[in-house]
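In each ligand, atom 1 is the first atom listed, and ligand 1 is the first ligand listed. All values reported here derive from a predicted model rather than from experimental measurement.
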Amino acid sequence: MSASPSLVSRPYQSYVYAYPHKTAYLPLADRPPLSALWADEPKESLSLYLHIPFCEVRCGFCNLFTRVGAPDGLTGRYLDALDRQAGAVRQALGERGPVRFANAAFGGGTPTFLEAPELERLCDIAERRTGADLRAIPLSVEASPATATADRLAVLAERGATRLSLGVQSFVEAEARAAVRPQRRADVEAALGRIREAGFPVLNIDLIYGIDGQTESSWRTSLAAALTWRPEEVYLYPLYVRPLTGLGRHADTASADSSWDEQRLRLYRQGRDHLLAHGYQQVSMRMFRRADAPPQGPDDYACQTDGMIGLGCGARSYTSSLHYSFDYAVDARRTRAIIDAYTATRDFDRAVHGRYVDGEEARRRHLIQSLLQAAGMPVEEYRRRFGTAPSEDFRTELELFAARGWLDDSVPGLLRLSPEGLAHSDAVGPELFSPGVRAAMAAYEPR
Ligand SMILES: C[S@@+](CC[C@H](N)C(=O)[O-])C[C@H]1O[C@@H](n2cnc3c(N)ncnc32)[C@H](O)[C@@H]1O
Ligand code: SF4
């Protein structure tokens, strides 16, 4: 397994929240039936994800799979299709062995774009069609300030949501405008008040650093404003400017500019130190959790090997050997076409787009997902699963990380990033991609 030998590496290459990345997925020639894919998979601790691809606005930085608005009853047709897909998946899962969901999430886009009765229906689909017991398991929901209305939040709280994640991005209005996410601070604060009022056990706030015009002082303003709400979790995202997004279309040379990297690294360290000084623990480069936040129960952490059921046109599903979804786009016209095709689909019993994950890819995935956590990876855990040591399988890469000062070897038996390694998570992850995944991602044409 090879790696580039350079000791210099750009810190912001890509956010590796899942491996292989979705841009490495291709149409599946064999279109395997779901019933065959899931027949021999463990199904007693599954994750459930429902994707809602609608937003009120298209933010300048955002390349998520979503569209602005939902004309002519589109949300209703989308929920009809979700209902059909949930039924088909449940049937495929239920053919052999017990099925249980250990956690659930509604993501987007913006799930709270749906109105209160539509959110009721979404919960009904998750419960009655898919079989998830939403009130008994952790349920996380994403929201934007404008859509976090009292009636929608009340439905989510009543149906068992345990975590509400609000995309704030910045409390500074000029920065929100610069990110093409215009919003008034008063509206953000009011949304946070409504969320606290609704009583979710966990509030998460998303903030972005590296926005044009953002300074250490304005970053401190956003961090302090967020902490007045004592959120149980805070995510700090470095800004990425990606092709076909609003910012991407107008980008000059910013993405090739090393001073932007330095700005982001500086603001990252400031944000991390601020949160650590205010009673937060670092979980990963982006995620911080309040040390005294109530525990979320044993299901809080998804096990490396558990399967994922994704429903909706932008959701991924994972078995141990195949990751699959539907086609993916950022461009508005293509996104709309994919959503329209999804809502017209009657037959959801096959996987159509994805990537097979073989033994070597499973090792890479395990290493990436564990190493990018601040807690690191117990080497013994890897050895139990694969029968080898990471130092045998990834010698070149790990030597390179060590030479860059990215590993902390102070605890025997633990493979863990140093603080600088964690700061460079978005370079560590891509370094561990296989040649096949790299080639597929390089061949992907943004659309
Ligand atoms: C699904 S969105 C959050 C929910 C909701 N749609 C909203 O925007 O309020 C997930 C989060 O990813 C982060 N994000 C998305 N694209 C990003 C980018 N290009 N650079 C940095 N952060 C990004 C934002 O912080 C955003 O809140
Ligand atoms: S950041 Fe959130 S609200 Fe903005 S376009 Fe992306 S998903 Fe929609």
Contacting atoms of ligand 2, where contact means under 4.0 angstrom from a heavy atom of Phe61: 1 (S)
Val68 heavy atom under 4.0 Å from ligand 2: no
Atoms in ligand 2 with a heavy atom of Gly109 nearer than 4.0 Å: 7 (S)
Gly109 N/O under 3.5 Å from ligand 1 N/O: yes
Proximity of Cys55 to ligand 2 by residue part, where a heavy atom lies under 4.0 Å: side chain
Which of the ligand 1 atoms, numbered from 1, are nearer than 4.0 Å to a heavy atom of Ser144: 7 (C), 9 (O)
Tyr19 six-ring centre to Arg364 NZ/CZ under 6.0 Å and within 45° of normal: no
Tyr342 and its ring pair (Phe, Tyr, Trp, His ring centres under 6.0 Å) partner, picked from Phe65, Phe348, Tyr328: Phe348
Residue, atom name and distance, where the atom is the protein heavy atom closest to atom 25 (O) of ligand 1: Gln169 OE1, 2.6 Å
Backbone or side-chain N or O of Tyr240 under 3.5 Å from ligand 1 N or O: yes
Nearest-option assignment for atom 10 (C) of ligand 1, heavy atoms, candidates Ile52, Ile205, Asp206: Asp206
Ligand 1 contact by Pro238, heavy-atom criterion under 4.0 angstrom: yes
Atom 4 (Fe) of ligand 2 to nearest N/O/S of Cys62 less than 2.8 Å: no
Part of Leu64 with heavy atoms under 4.0 Å of ligand 1, whether side chain, backbone, both or neither: side chain
Distance from atom 12 (O) of ligand 1 to nearest protein heavy atom, with residue and atom: Tyr237 CZ, 3.7 Å
Polar proximity ligand 1 side, Glu142 side, N/O cut 3.5 Å exclusive: no
Full working for salt bridge (charged side-chain N to carboxylate O under 4.0 Å, His left out) between Arg181 and Glu175: CA-CA 8 Å; Arg181 157 97 173 198; Glu175 286 175 12; over 6 Å; no
Closest protein heavy atom (residue, atom, distance) for atom 16 (N) of ligand 1: Phe61 CD1, 3.5 Å
Atom 2 (Fe) of ligand 2 - nearest protein heavy atom and its distance: Arg181 NH1, 3.9 Å
For ligand 1, the portion of Cys55 having any non-hydrogen atom under 4.0 Å away: neither
side-chain hydrogen bond (donor to acceptor under 3.5 Å, both in side chains), paired with Tyr240, selected from Asp426, Thr245, Asn63: Asp426
Per atom 4 (Fe) of ligand 2, closest listed option by heavy atom (Gly246, Ala143, Cys59, Gly60): Cys59
Within-shell test, Cys59 vs ligand 1, heavy atom, strictly < 4.0 Å: no
Proximity winner for atom 8 (O) of ligand 1, if only heavy atoms of Arg242, Arg181, Glu56, Gln183 are counted: Arg181
